Amino acid sequence: MAQLHVSDVAKTYGATTAVDHVSFSAAPGRILGLLGPNGAGKTSTIRMITHITRPDSGSVTYDGRPVGPWSQQRMGYLPEERGLYKRLKVKEQLVYLGTLKGLPRREASEKADYWLDRFDASDWGSMKTEELSKGMQQKIQFIATLLHDPSLLIFDEPFSGLDPINADLLRDIILDLRKDDRTILFASHRMEQVEQLCDDICLMARGEIVLRGALRDVKRQFGRNTVVVEFDGNDAFVDALVDADIVRVNTRTAHRAELTLTGNAPARRVLDAALSGVDELYRFERVEPPLSEIFVETVGEAEARRMQEQAVAAA
Amino acid sequence: MYKIWLILRSEFWRRVRSTTFIVATLLAPLLLIALMFAPALLGELGEESSEHTVAVVDHTGTLLDRLQDASGEASRLTFVAANPPTDSLRAAVLAGEYDGFVVLPTSLLTDDNETVTYYSTESSLGGPARLESRLEDAVRDAVLAAREVPDTIQALMEREVNVSPQVLSEEGEAGSGIILTFIGFGMAFLIYFAVFIYGQFVMQGVIQEKSNRVVEVVVSSVRPFELLMGKVLGVGAMGLTQMIVWVALAGAGMTFAGTLLALFVTPADLGVPTDASAQELMAAAGITMPSIPFSLVVWFLLFFVGGYLLYASLFAAVGSAVEQQQDAQNLMYPVFIPLVVPLMFVTFVVESPDSMLSLVLSLVPFFSPIIMPLRMTAAAVPVWQTLLAFGLLVGGFVFTIWVAARIYRIGIFMYGKTPSLTEVVKWATYR
């Protein structure tokens, strides 16, 4: 089984510590979500896994050996900042990038045809890459990542800039890839995506790992301290609860509120307040916290807000 | 190594098959020839327009005849007899009847300090200068004739001696001086331009890859050093192809110059029999083709390749540090200055190729690609010096490639503010 181990890895650039003694593992057949705000050290960590840069200390091993040119050949990497040779024709581009991954020319050409077909893009082969739309270029880049049938896949913000249809297509393919026992690493600051896709998570902030484990376990660990209320009428009771320091608001609209209970506040305080304030109550439920809440509790409000702002800016 | 080859091949083909490359390769020699002949052609045209008719009021009674006798020759001056008063001549010149007029006083044949004034509507210097030399001849002939100096002596005084330069070398090859030096100049500037332009290509390629962000995909498959080398060698292979095409075209041009000449000139015009060979034709036209030693061509290509590798890797390092061409200006100086310095010494090296300074300049790796081939055309350079220069050049480009690779691997991931030169140098020291 080809495991990826990152052991006690550190990397500094000049005076800034980008990655501060980080350790985690990724197993085949599972998707590991690497979470954290921009500047948390995700991309720096990924660059060491992809052997683009070397760690100052610590080691990265894949399948029992330190990563190197050999592992680059078995690895597909989709960087956050997408890029292709604009002047090259699509097919030529794919074959070139495939041969750089060690594929023989002919095989690269066959695989390119296969994947172009699978993405309904067979007609694009002879077009120049710059003639394609942004979404089409994303697909080509994705094909380039998969062409050489890698057993370790690393996606850095794979959904950024994708329209919903292509995002769905991409998610289906990622889930397919997991079935073939590939090790998949998925970096993102979009909590809901990570929640949908990942089996394991690894939460990074300021170059350190602040939380890691199977998504299920992590959620269980944080208990059911979240309350969802759906209602009609006056929502002033929410403000009253916040003022009384009983809850914190996660999300809030005119008819729905997702609240986190602070400390050991009983959930029925919320129910009482709601019943006395609203016209009609449709739903009251205690649920597991969403990942974004877990993140807030772990790294603190300030860091979390910073991250949310970045997410909004990116969207 | 295999990865470098893959990148080299891709870079090479991408460029060589483009229409721009093909057109540039074939048109550049034509453009060069046009540039070489343009001044001569323009001169010709200028001459034609300066066909002058000069009215002469001759008080000596002998000079006009002498002037008219000689005016059939290549001079473009026609002399016409005229009578005073000068007022009417002035009017005639202004009316465009003549281009100008002169009055030749009798004292011109006796008084050495006598001067003549040429009146015309234009202030060109060429006209009076030619008139002056013609008048000098006429006056001299007239004075000599008046003193009954024998014709043989007069002929002696008109004799001219032509000096044609020949260069000796250890191998006993005798180049044909001027033309070979000319070729030396040509080679020096060609290497300068080629290194500069191909270096810019490399830099542009690096900047494009970086601003396209495609570089991150590529370096997750190959080492940054392999990408750098593949690109430098790929563009270099393109440059070498272009150079070889040009050298071949130049060689063909020289070999078939006679045949080409025959297409434009009929033998009769040159006063040789109609069945004259191409060589005879060339000789008659006064064109001598230099015999360029083959070794010189080989050294030229070797120094070009060495100089290219040395500078192109530095251009790549500069490119890796910026995101746009415009931002590269400040970082370019350290690369640009050593490339320009040898150009300032080109004339000096040609004039004293064996001086200490010329020797040193031709050995320094940053200058030798331009200076050494030039020196080799100007003097017989001992083989050990050429080999030493080339050896140092190889050491030089190994060093610059090493430094460039260290800057490059950091630079390609640096986005945002354009770094200062100090920062870029510091990158080379990173672990």
Side-chain angles (χ1 to χ4, degrees), chain A residues 11-14 18 43-44 46-57 67-69 71-89 92-105 108 129-130 137 140-142 144-145 147-148 150 152 154 156, chain B residues 1-21 201 204-227 230-231 234 323 406 408-417 419 422-424 426-427 429-431:
Chain A
K11 179 87 186 172
T12 54
Y13 291 102
T43 302
S44 296
I46 286 176
R47 281 187 184 153
M48 288 185 278
I49 296 171
T50 52
H51 197 61
I52 293 173
T53 55
R54 321 275 175 275
D56 296 339
S57 67
V67 292
S71 64
Q72 287 186 330
Q73 311 250 308
R74 288 178 57 182
M75 175 198 78
Y77 172 41
L78 184 72
E80 180 179 3
E81 300 277 0
R82 309 298 150 69
L84 293 167
Y85 290 102
K86 292 199 178 344
R87 298 286 182 78
L88 282 191
K89 287 180 178 162
E92 190 183 1
Q93 174 120 246
L94 289 172
V95 171
Y96 176 55
L97 293 175
T99 53
L100 288 185
K101 282 287 187 193
L103 280 184
R105 239 185 134 65
T129 307
E130 62 188 352
Q137 290 189 25
I140 301 303
Q141 182 119 43
F142 199 65
T145 312
L147 199 69
H148 56 294
L152 173 62
I154 296 162
D156 200 349
Chain B
M1 278 314 269
Y2 180 63
K3 295 276 174 74
I4 295 182
W5 163 245
L6 284 176
I7 296 164
L8 187 165
R9 192 175 58 184
S10 173
E11 288 281 342
F12 176 77
W13 275 118
R14 234 181 279 169
R15 292 163 196 279
V16 165
R17 71 182 173 205
S18 75
T19 334
T20 335
F21 175 82
F201 280 175
Q204 265 167 25
V206 171
I207 294 175
Q208 263 170 26
E209 263 177 4
K210 186 180 170 184
S211 55
N212 274 348
R213 312 275 174 158
V214 70
V215 68
E216 190 158 359
V217 175
V218 180
V219 295
S220 75
S221 306
V222 304
R223 285 162 57 211
F225 174 76
E226 292 172 313
L227 178 58
K231 185 174 284 295
E323 285 169 71
R406 293 187 68 83
Y408 181 81
R409 93 215 134 110
I410 306 285
I412 48 176
F413 293 119
M414 292 291 178
Y415 292 96
K417 200 177 132 284
T422 345
E423 282 172 275
V424 171
K426 208 184 283 170
W427 293 348
T429 66
Y430 279 12
R431 222 171 71 87

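Since the structure is predicted, the reported quantities are computational estimates derived from the model, not experimental observations. Any value given below was found using the heavy atoms of this structure, including those in side chains, with hydrogens, waters and symmetry copies removed. Each chain gets a letter, A, B and so on, in the order its sequence line appears, and its residues count up from 1.
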Measuring from atom [atom1] of [X] to atom [atom2] of [Y], what distance do you get when rounded to the nearest 0.5 angstrom?
X        : Y       : atom1 : atom2 : answer
B/Ser18  : A/Arg87 : OG    : CZ    : 9.0 Å
B/Trp13  : A/Tyr96 : CH2   : OH    : 15.0 Å
B/Phe413 : A/Thr53 : CZ    : OG1   : 7.0 Å

Contacting region of [X] [heavy-atom separation from chain B under 4.5 Å]:
X        : value
A/Tyr85  : both
A/Leu78  : neither
A/Arg105 : side chain
A/Arg47  : side chain

Task: Among the listed options A/Gln73, A/Lys86, A/Met75, the residue most often paired with chain B at heavy-atom distances under 4.5 Å - done: A/Lys86
Open item on the list: Between A/Glu92, A/Gln141, A/His51, who has the most heavy-atom pairs with chain B when the cutoff is under 4.5 Å?
Closed with: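 Highest number of heavy-atom pairs under 4.5 Å: A/Glu92.
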On a heavy-atom basis, which atom in [X] and which in [Y] lie closest, and how many Å separate them?
X        : Y        : value
B/Arg213 : A/Arg82  : CB-O, 3.5 Å
A/Pro79  : B/Val217 : CG-CG2, 3.7 Å
A/Thr43  : B/Glu216 : CG2-OE2, 4.5 Å
B/Arg17  : A/Leu88  : NH2-CD2, 3.9 Å
A/Thr99  : B/Leu6   : O-CD1, 3.4 Å

Open item on the list: Between A/Leu100 and B/Ile7, is there a side-chain heavy-atom distance shorter than 4.5 Å?
Closed with: yes
TODO: Compare all side-chain heavy atoms of B/Ser220 with those of A/Lys101 and state whether any distance is below 4.5 angstrom.
DONE: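 Of all side-chain heavy-atom pairs linking A/Lys101 with B/Ser220, at least one is under 4.5 Å.
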Open item on the list: Shorter than 4.5 Å, heavy atoms on both sides: which option in B/Lys3, B/Glu226, B/Arg14, B/Lys426 has the most such pairs with chain A?
Closed with: B/Arg14
TODO: Specify which of B/Arg223, B/Gln208, B/Glu209 makes the most heavy-atom pairs with chain A at under 4.5 Å.
DONE: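 Looking at each option in turn, the highest pair count goes to B/Glu209.
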